[in-house]
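Here is the structure we will look at, set down as structure tokens.
A, B, ... follow the sequence lines: proteins, then strands. Residue 1 opens every chain. Just so you know, these numbers come straight off a predicted model, no measurement behind them.
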Amino acid sequence: AQSVTQLGSHVSVSEGALVLLRCNYSSSVPPYLFWYVQYPNQGLQLLLKYTSAATLVKGINGFEAEFKKSETSFHLTKPSAHMSDAAEYFCAVKSPNFNKFYFGSGTKLNVKP
Amino acid sequence: DTGVSQDPRHKITKRGQNVTFRCDPISEHNRLYWYRQTLGQGPEFLTYFQNEAQLEKSRLLSDRFSAERPKGSFSTLEIQRTEQGDSAMYLCASSLASQGGETQYFGPGTRLLVL
């Protein structure tokens, strides 16, 4: 079975500071991993995904994430936060063997001026 | 490509009433997923279709819930005899089946409030 844990339901950073959103997964087989962003009253938008190619994945809006198998982690980072990054971020996992996606409970990012 | 659309965007209903939501996926996508999202939680899988076949249903999906995708294009999700606990955002996503990790494209959701 797959599951996702996102540490920290709320993260607050200053504009220009490093963004680090944590995601740990549980999977019996090497999974596919995703990060989505959700703005208020909108659906989810894909930021990036890991599908067993390069372990460092670059996404949109300057975000990137690194797959670390030994730590079962897929943390999302951005070197310099922008006010427009304020949103809720979801990590998701999918097994290659099944067509179900499991989402974490989300992390709300607040960016202070 | 106009993306995934959902209708209505908001629905307020009284307990015991039936409601139906519609999802129009991206036209060439053969997979369609329904999720439920409650406040402070991530999306929870409800069911998915490949073309017109409903291939999996979550145990969350009680007998009051039914979904269809009659021609492999749009899909409907019906909730019968709504309960206050059904209040949530219902999200639809579509994707193109692939060997790698397929990308799901989400609609804006239908927010349901059951009074």
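- No more than 12 heavy atoms of other residues, nucleotides or ligands sit less than 6.0 Å from atom CG of L39(B).
- Looking at R31(B) and N99(A), their side chains come closer than 4.5 Å, going by heavy atoms from C-beta outward.
- Y39(A) and V11(A) fall within a single hydrophobic cluster, where Ile, Leu, Val, Met, Phe, Trp and Tyr are joined by side-chain heavy atoms under 4.5 Å apart, directly or via other members.
- By the neighbour-count criterion of 12 heavy atoms within 6.0 Å, atom CG of L7(A) is densely surrounded, having more than that number from other residues, nucleotides or ligands.
- In this structure, V19(A) is a member of the same hydrophobic cluster as L47(A), with clusters built from ILVMFWY side-chain heavy atoms closer than 4.5 Å.
- Under the 4.5 Å side-chain contact rule for hydrophobic residues, F49(B) and L46(B) share a cluster.
- L20(A) and F74(A) fall into different hydrophobic clusters, where Ile, Leu, Val, Met, Phe, Trp and Tyr are joined by side-chain heavy atoms under 4.5 Å apart, directly or via other members.
- Listed by chain and residue number, K58(A) satisfy the salt bridge (charged side-chain N to carboxylate O under 4.0 Å, His left out) test with E64(A) (two or more places apart in sequence, or in another chain).
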**OP:** Please test Q41(B) against F90(A) for side-chain contact (heavy atoms from CB on, under 4.5 Å), starting from the C-alpha separation and ending with a verdict.
**Re:** CA-CA 9 Å; Q41(B) 298 297 320; F90(A) 293 93; over 6 Å; no

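- Under the 4.5 Å side-chain contact rule for hydrophobic residues, F65(B) and L112(B) share a cluster.
- Contacts between residues 103-113 of chain A and chain B, defined by a heavy-atom separation under 4.5 Å, are made by F103(A), G104(A), S105(A).
- Atom CG of L91(B) sits about 12.0 Å away from atom CD of Q42(A), to the nearest 0.5 Å.
- Sorted by first and then second residue, the salt bridge (Lys or Arg N to Asp or Glu O under 4.0 Å) pairs with a member in residues 17-43 of chain A form an empty list; sequence neighbours excluded.
- Counting heavy-atom neighbours within 6.0 Å of R15(B) CZ, excluding the residue itself, gives a total of 12 or less.
- With a 4.5 angstrom heavy-atom cutoff, E56(B) touches chain A only via side-chain atoms.
- Atom CD of E102(B) is separated from atom NZ of K49(A) by 8.0 Å, given to the nearest 0.5 angstrom.
- In this structure, the side chains of Y36(A) and Q104(B) come closer than 4.5 Å at one or more pairs of heavy atoms.
- Atom CD of E68(B) sits in a sparse spot, with 12 or fewer heavy atoms from other residues, nucleotides or ligands closer than 6.0 Å.
- Of the inter-residue distances, the one linking K100(A) atom NZ with Y35(B) atom OH reads 9.5 Å to the nearest 0.5 angstrom.
- Looking at Q45(A), there are no atoms closer than 4.5 Å to chain B (heavy atoms on both sides), in backbone or side chain.
- The minimum heavy-atom distance linking P43(B) with L44(A) is given by the pair CG-CD2, 4.0 Å.
- Contacts of Y105(B) with chain A are absent, with no heavy-atom separation under 4.5 Å from either backbone or side chain.
- At a 4.5 Å heavy-atom cutoff, Y50(A) makes no contact with chain B through either its backbone or its side chain.
- Looking at residues two or more places apart in sequence or on another chain, you find a ring-ring contact (aromatic ring centres under 6.0 Å, His included) between Y33(B) and F101(A), Y48(B).
- For Q6(B), no part lies under 4.5 angstrom from a heavy atom of chain A.
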